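Here's the structure, in structure tokens; my notes come after.
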Number of protein chains: 2
Amino acid sequence: MNEPTGVTQKRIRTPRKGPGRPAAGESLTPQEVTEAALRLILAEGEGALTMRRLGEVLGVRAMALYNHFPNKEAILDAVASLAFASMPVPPDKGHWRTRIKGLCFGIRGMALQQPNVFRVAMTRRVPPEKALPHIAAALSAFADAGLPPAAQAVAYQTVRLYVRAHCLWEIEELGVHRDGASAGFTHATTDLSKTAAAAKMVFAPDPDRQFEAGLDLILRGLQVSKER
Amino acid sequence: MNEPTGVTQKRIRTPRKGPGRPAAGESLTPQEVTEAALRLILAEGEGALTMRRLGEVLGVRAMALYNHFPNKEAILDAVASLAFASMPVPPDKGHWRTRIKGLCFGIRGMALQQPNVFRVAMTRRVPPEKALPHIAAALSAFADAGLPPAAQAVAYQTVRLYVRAHCLWEIEELGVHRDGASAGFTHATTDLSKTAAAAKMVFAPDPDRQFEAGLDLILRGLQVSKER
DNA sequence: CACCGTATATTTACGACGTAATGTTGATCC
DNA sequence: GGATCAACATTACGTCGTAAATATACGGTG
């Protein structure tokens, strides 16, 4: 039940013997703490992030962390910001449609590769300036699509919410559980078959196509409102 | 810090004196437990749902609950199912568009009236048969819109994810916090004004219009794919 | 009526959690 | 070279979910 996950979390520094100030240049920084927390979450899920555990990874007792962060919440916020900053932002070149889709697929890529980190990043509220590159890129694309500002805002928010929800749903349904282990597809096609063959599709395991299809659906609506 | 919330949680039955089997007809049922848990969450948020606290409300020690549920997770799952069952399902009459919108607005209504319960219901995975009425109603409407089964599935999933994400975002942004208290609108219009006037809209406090606009955007795309 | 198994509760206890409060050390500055 | 202070350790508190052991009353069976 509590077996090691295979991913070994290296201690960054060997634990110190007694109390007192550490040797010169051996002091902890918020960056180190944040990155260690991110690695811990990446490997074993948010549930594995414990003050004691994080301290252990950093070669320090739990309470030492409170010199750099006011509480655990703040550490998680920092992790979320860091994760957000690591998401790709494609350049402002090409058709607006491909730009938007590139943005969305980039986000989904991170969701699939680092589901635990993604979940933390999406669950917490992140300061808007961390997301500013993405916002700017999206709005620029929607502007190039010929949308007036108000419609840009609606489009951005709609796409953003859809992408977020789909990715969270996908990593949840794929059984990437909160605490590291991964399970098989649950394939919830119980006896919905009588409702419609379509119902099967709703829970069917083709997330790639579903993601793109939903995205295209939204962008199609955009196209229409542009043409009017 | 620990002040009463104004909403008093009544004890359903007075606590018993000693151990042993309760008098006839005084035994707990899973329904009672589930409903009490829902009331607790409704009034004070998921964070207030504690085995001890729930037991207290039911006039019982915490461990007594383990006779009816294997663990706390199961109780939360039951609450989620109960909440899901309480969501309105409009009848299959009228234009498909108004039916879909009615469905969505009904869900959002519950989200705004019972944000804490809604969050629990949306956060946990609920057995598909509990959502079957909604699924059936939505698919029926999309079928009436002339969509083939595959497109019905895409439309359903897209709308579902959007509605869920918007409602969660809204109750989060409106400051209905996880543990009962409500804060003001944070109005995160820091210095994004330089990006575009549209950026302001993204975070602007008009959730009603935003919700409907996003929904219309998606349904507009649907209309197009129907006409082809 | 006496008896007993079973369902339901209480009691006690364990380990893990976040963190408040306090103690201890080494580096740095006047 | 003593005082200051930053960064750690230590101890402790209250809370959590829940495992294990125990006690009681009801429903059958003799």
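Values below: all heavy atoms of this structure, side chains included; hydrogens, waters and symmetry mates excluded. On a predicted model such as this, the values are computed, not experimentally measured, just so you know. Lettering follows sequence order; numbering is per chain, from 1.
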*List the steps, then state whether salt bridge (charged side-chain N to carboxylate O under 4.0 Å, His left out) holds for A:Glu32 with A:Arg13.*
CA-CA 11 Å; A:Glu32 285 177 279; A:Arg13 106 189 61 249; 2.7 Å; yes
_Interatomic distance, B:Glu46 CD vs D:dC16 C1' [rounded to whole Å]_ = 14 Å
_Nearest whole Å is fine: how far is C:dC17 P from A:Ile75 CD1?_
14 Å
*asked:* Using the salt bridge (charged side-chain N to carboxylate O under 4.0 Å, His left out) criterion, which residues pair with A:Arg52? Sequence neighbours excluded.
replied: none
Which pairs would a plain distance check flag for residues 55-62 of chain B, meaning a side-chain donor or acceptor within less than 3.5 Å of a matching protein atom at least two apart in sequence or in another chain?
{"unit_1": "B:Glu56", "atom_1": "OE2", "unit_2": "B:Arg11", "atom_2": "NH2", "d": "3.1"}

_Among residues at least two apart in sequence or on other chains, which ones pass side chain to side chain donor-acceptor pair (under 3.5 Å) with A:Arg16?_
none
Residues in side-chain contact (heavy atoms from CB on, under 4.5 Å) with [X], at least two apart?
{"X": "A:Ala165", "answer": "B:Leu161, B:Ala165"}
{"X": "A:Thr14", "answer": "none"}
{"X": "A:Asn67", "answer": "none"}
{"X": "B:Ala213", "answer": "A:Val154"}

*Using a 4.0 Å cut-off on protein heavy atoms (strictly under), produce a 5'-to-3' string for nucleotides 25-30 of chain C with B for base contact, S for backbone-only sugar-phosphate contact, and - for none.*
BBB---
Side chains of residues 83-91 of chain A: which donor-acceptor pairs under 3.5 Å do they make with residues two or more places apart or in other chains?
{"unit_1": "A:Ser86", "atom_1": "OG", "unit_2": "A:Ala83", "atom_2": "O", "d": "2.9"}

*asked:* Counting only heavy atoms and a strict 4.0 angstrom limit, can you tell me which residues of residues 49-58 of chain A come near DNA chain C?
replied: A:Leu49, A:Thr50, A:Met51, A:Arg52
*Residues from residues 62-74 of chain A sitting under 4.0 Å of DNA chain D, heavy atoms only?*
A:Met63, A:Ala64, A:Asn67, A:His68
*Which pairs pass side chain to side chain donor-acceptor pair (under 3.5 Å) with one or both residues in residues 72-81 of chain B, sequence neighbours excluded?*
B:Glu73-B:Arg124, B:Asp77-B:Arg124
